[in-house]
Amino acid sequence: MSIQTGLYFNRNKNTINVGFDTKEKGLKILKGKVVDQNGEAVIGASIQVKGTTAGVITDINGNYELTNVPINAQIAISYIGYQTIILNANSKKLALVTLREDTELLDEVVVVGYGTMKKKDLLGATSMVSGDQLATNSSISVGGALQGKMSGINILSSSGFPGAETSISIRGVGTFGNGDASPLVVIDGIPVDQGFETLNPSDIESVNVLKDASSAAIYGSRAANGVILITTKKGAEGKAKVSLNATWGIQKPSHMMDLLSAEEFVSAILEMRDNKKAIDGGNPTTKYDGLNPADFGVGTNWGDHIYSSAPTLNINANISGGTDKLHYYLSAEYLNQEGIALNTGYQKAGFRSNIEAQVSKMFKIGNNANMTYRYTEGSGGTRFSDVIFNAPIIPAYDEDGSYGEPDTQLTGSKNAIAEVGWNTPNNHNYRLMDNLFMEFQITDWLKFRFNGGIDIVYNEYKSFLPKFNDGGQTNTRNSYTETRSKNFMWMTDYLLYFDKTFGKHAIHAMGGFSQQLFTKDDLSGTAKDFVSEVDNMHVINGGTNARERGLSGGKSELALASYFGRINYDYAGRYLFSFNLRADGSSRFRKDKRWGVFPSFSGAWRISEEKFFNVKPVSNLKLRASWGQLGNQSIGSWYPTIASVSKENVVFGTAADNQILYAGYTQSKLGNKSLEWETTTVTNIGVDLGFFNNSLSFSADYFVKNTSGILRSMVLPLSVGLGAPNMNYAEVQNRGLDLEISYKGNIRDLHYSVGANVSFLHNEIKKLSSGINEEVIDIGCYGGVTINRIGEPISALYGYKTDGVITTSEEAKKYKDMGQGNAKVGRLKYKDLDGNGVIDGKDRTILGSFIPKATAGMTLSADWKGFDLNMVFSGVFGRKQHSPMSFQNRMPNRNMSRHWYDNRWTLGSDPAGKYPALIQGENYEEMTDLMVANSSFVKMKSLTLGYTFNLKPTRIRVFLSGENLFTIKDKTFDGFDPENGNSVGHYTNWGDDFPTPRILLIGTNLTF
């Protein structure tokens, strides 16, 4: 029967196995065992026939049996955290397969200050994102591509305006006043100011963030707020590799404000009148008395005319390769991002050249150059977010196509399209960053390196305002403004490296000297009364009014010099120690205060390398600890110790005929010769864990970051008559916890990874100037108030808690008698927090902070048989900002948010109303909790789905991608996007906001 059916029968004790007779069909049965390097059985290892779905996994003893295997097949044996082995089906090695650990992750080389280290040897708190991880989503912004991928670093969009820089902070805000809280950005060894968005994301090899003092101390004076190291791609030995990338997409505002229709707008004005009469008496009137709100209809939604869909295009190409003597990487990029608002847009063109040459065994030379041109049309400060509140009763356009004219009998509002349409400035930005290095390998353990870098930025801002009389807008005199500025930085580093191993002892040391010079030049001119408004007349000399020409300009210089050194000691890969010392000098300070010395210490113990440690699932266990100090000398002015003067005109003489106008200078600000370095002291304790051959990895860092001697302006009474001097006072503490976890795995052909991070932060003022426990500060708009108080966060929001709406005259009298001066029916009740029966300034309390209590991110990636999927999420929690937009009573000239309108209290309604009534002549610009918005959010930053065609040697990937696809936010937030802006206030209706675009992209990558 077995011959006739092709089956075989096998009896084993009381079990009979039946199967196909593989001998007849060129098939075979594979049996074997999979073990690790220690001979232990590997449970669940995958045994798969390559190119098919056939496969099994090993049992509890590491054994497997695979049937119906073609004789000429290849067998893949794999397990998470181990190197995959490929064997022929007839190989005898299949009987006993030994898998070896994949140590690539721990042996990965990570860029640190002035050098590199293996990831397993890191002692400080660092986070890293590779260029491959950045490339998984197709963000046209470098900052956007980094969001949600690292702990301890808060990256927020500063605005949705095209080309806007991102706002970045590392482990909280440690300085305030005039201090600079931005981290230091180092691109290929060159410290730069800003510059993130000048880079081509495709050129980035890696981004490393140095968060604690031990890792950042080597940068000393500029590292108090953390360091971001960006390394761009280099060439490698081999034939030329060409990559072409193109994306095209459509942008739309991700969220628009919901405002009142024209009918609702008029109804609200009439309701204000009626409420005024009912509450205060009298006979109030409006311009709309006797008119029917329904006659106004829907009216004009200005947002539909100011904002619209817009395309974006990005093309970049690179070629890399080299010989054993010469490596090269060349790239070019063009980005055209049309703005989603009227007359806005952003273009960028760039070229990069990275070349290295091994001239001899002892000498290497290289150069990294990046040239960028950026053109910006429009300005984020053109009140795009404010004009959408213009009265909706004005038509957008008249029948003849001109801007719709407002009815001045009804409103003083203007046509919003005309308001932003006439003013279209443009900005041209040119930048060259170049880094030349030379390395001399003196011996196999001693090396000298020279770095020389320049960063040149030239900027031209031009704005022509024509004559016009349209849409309620009138300008009878045309004018032109042009500003030119040049920033130049040069630097040199002289570095000596010592690397020597003595048995189990390894010493890696470095010492160096660095110097930098910064210069700033700017020149600005204004001219008026142009005879012709054609484009080629938009020059200063085109203005005919010689008397009203304006001219201003200046020049500043700043110099830095540093001596620094580092010693790393490694014993047997188990005990790691590091010591850094840096002395920095800054021309900002006087000679006797010029230099600051900043040390750091760190140590680590790799317990997993100890002989006594035998916990099989744990492949890496390292404890870390560090302490160090960092300096900060950034206070805005490059001459902060010198008393400032300003130009003044004075008239001398008594009689009109002999009076003479003289120009001179007068002191405007006090100086402080004792000003010195601001110091940040950081203590960090961390642990790194790896499980299952590091397929599952986890890291945790707890830190305490104290900033003392903070550089800021002193608070002086107005009677002094001069600007306050800069001082060293106040102390701020940031403490928190950074957590990161990631997992990589596969199920046959499905490979996937999950990465998540979360950071918790507590910001607290520890000390102000002598004898002062708090400073109450008027923001200067919409009644906003902040406070710097010991024990509370920097610039905490400060005001009254409310307790609903006053609904009766008796209640109004009660609160009036308690001291609430604005108490009346329809207004809010203030809480008597101290319970003394009096409502006064002592009842104000902390209402929140713009500094988030937690930030988080998650990345999900998978690929299967050519398909790839990537999702990135980011979130900010526990953040509140002054956002009074919902409670502005600017009618009848301006519209209002539906958020207030739909939740307002109305006379005779439920007494538990939350928001105040609409009352003619009343404004609510006093700092209360209703002026504070919860701007926490969770956002899907990107989603990408792609497919790769492997047409060897050509590789083609096509993909669909989306950015800013959805946002989960608090219902109290009333604005475009809670992410935009990282300051105390969020002012959509003050023109300081711009919608974040939702971008849908289609693209292709071609590599050959």
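- Ion pairing between Glu963 and Arg998 fails under the 4.0 Å rule for side-chain N and carboxylate O.
- In this view, Tyr571 and Lys504, His505, Tyr569, Arg574, Tyr575 satisfy the side-chain contact (heavy atoms from CB on, under 4.5 Å) rule, not counting sequence neighbours.
- With Ser759 contributing its side chain and Gly152 its backbone, the two residues share a donor-acceptor pair below 3.5 Å.
- We find the CD-CG distance between Glu40 and Leu99 to be 13.5 Å, quoted to the nearest 0.5 Å.
- Checked by atom type, the side-chain pair Thr855/Asn154 shows no donor-acceptor distance below 3.5 Å.
- In terms of modelled atom types and a separation under 3.5 Å, the side chain of Ser961 and the main chain of Thr944 share no donor-acceptor contact.
- For Ile607, the CD1 atom is densely surrounded, since the number of other residues' heavy atoms within 6.0 Å is greater than 12.
- The backbone N or O of Val42 sits less than 3.5 Å from a side-chain atom of Thr58, completing a donor-acceptor pair.
- Rounding to the nearest 0.5 angstrom, the gap separating the CD1 atom in Ile75 from the CG atom in Leu94 is 6.5 Å.
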Evaluation steps, salt bridge (Lys or Arg N to Asp or Glu O under 4.0 Å), between Asp688 and Arg606: CA-CA 9 Å; Asp688 297 325; Arg606 293 195 66 204; over 6 Å; no
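- Rounding to the nearest 0.5 Å places CH2 of Trp605 at 7.0 Å from CG of Leu623.
- A side-chain donor from one of Ser578 and Asn568 sits under 3.5 Å from a side-chain acceptor of the other.
- Using a cutoff of 4.0 Å between basic side-chain nitrogens and carboxylate oxygens, Asp188 and Lys234 are scored as salt-bridged.
- With hydrogens and angles ignored, the 3.5 Å screen pairs a side-chain donor or acceptor of Asp570 with a backbone N or O of Gly573.
- Side-chain contact between Val872 and Lys149: present, with at least one pair of heavy atoms (C-beta onward) separated by less than 4.5 Å.
- Applying the side-chain hydrogen bond (donor to acceptor under 3.5 Å, both in side chains) test to Asn354 and every residue at least two apart in sequence or in another chain returns Thr232, Arg352.
- Sorted pairs that involve residues 237-246 and meet salt bridge (charged side-chain N to carboxylate O under 4.0 Å, His left out), not counting sequence neighbours, are lacking altogether.
- Although no hydrogens or angles enter the test, the distance criterion places a donor-acceptor pair under 3.5 Å between the side chain of Glu740 and the main chain of Ser151.
- Looking at residues two or more places apart in sequence or on another chain, you find no ring-ring contact (aromatic ring centres under 6.0 Å, His included) involving Phe966.
- The side-chain heavy atoms of Phe613 and Ser608, taken from C-beta on, include a pair separated by under 4.5 Å.
- Under the 3.5 Å distance criterion, with hydrogens and angles disregarded, a donor-acceptor pair is assigned to the side chains of Asp203 and Tyr329.
- Note on ring orientation: taking the six-membered ring where Trp is involved, the planes of Phe949 and Tyr947 are perpendicular (angle over 60°, cut-offs 30° and 60°).
- Contact check for Asn620 versus Leu689: no side-chain heavy atoms found under the 4.5 Å cut-off.
- Other residues, nucleotides and ligands place no more than 12 heavy atoms under 6.0 Å from the NZ atom of Lys92.
- With Ser619 contributing its side chain and Asn694 its backbone, the two residues share a donor-acceptor pair below 3.5 Å.
- Judged by distance alone, with hydrogens and angles left aside, the side-chain atoms of Asp863 form no donor-acceptor pair with the main-chain N or O of Phe867 at under 3.5 Å.
- Counting all heavy atoms, side chain and backbone alike, Gly148 lies closest to Thr859 at O-OG1, 4.2 Å.
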Give the C-alpha distance, both sets of side-chain angles, the deciding distance and a yes or no for side chain to side chain donor-acceptor pair (under 3.5 Å) between Asn870 and Ser861. CA-CA 4 Å; Asn870 180 265; Ser861 298; 2.7 Å; yes
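- In this structure the side chain of Val186 never reaches within 4.5 angstrom of the side chain of Ile228, judged on heavy atoms.
- Listed by chain and number, the residues in a side-chain contact (heavy atoms from CB on, under 4.5 Å) with Glu979 are Gln147, Leu156, Ser157, Phe937, Lys939, Lys941, Asp977 (sequence neighbours excluded).
- If you check the side chains of Asn964 and Thr996, you find no donor sitting under 3.5 Å from an acceptor.
- Within the model, atoms OG1 of Thr312 and CG of Leu1000 stand 11.5 Å from one another, a figure rounded to the nearest 0.5 Å.
- In this structure, OH on Tyr334 lies 8.5 Å from CD1 on Ile315, to the nearest 0.5 angstrom.
- Ser202 meets the side-chain contact (heavy atoms from CB on, under 4.5 Å) test with Asn200, Asn245, Asn316; sequence neighbours excluded.
- One finds the CD1 atom of Ile999 at 4.5 Å from the CD atom of Gln251 (value rounded to the nearest 0.5 Å).
- No hydrogens or angles considered: nothing links the side chains of Ser697 and Lys744 as a donor-acceptor pair under 3.5 Å.
- Residues Asp701 and Lys211 are not paired through a salt bridge, judged by the lack of any N-O separation under 4.0 Å between the basic side chain and the carboxylate.
- The number of heavy atoms from other shown groups lying within 6.0 Å of CD1 (Ile60) does not exceed 12.
- Looking only at distances, no side-chain donor or acceptor of Asn950 sits under 3.5 Å from a matching main-chain atom of Lys952.
- A donor-acceptor pair is defined here as one N or O able to donate and one able to accept, closer than 3.5 Å; no such pair exists between the side chain of Thr84 and the backbone of Ser78.
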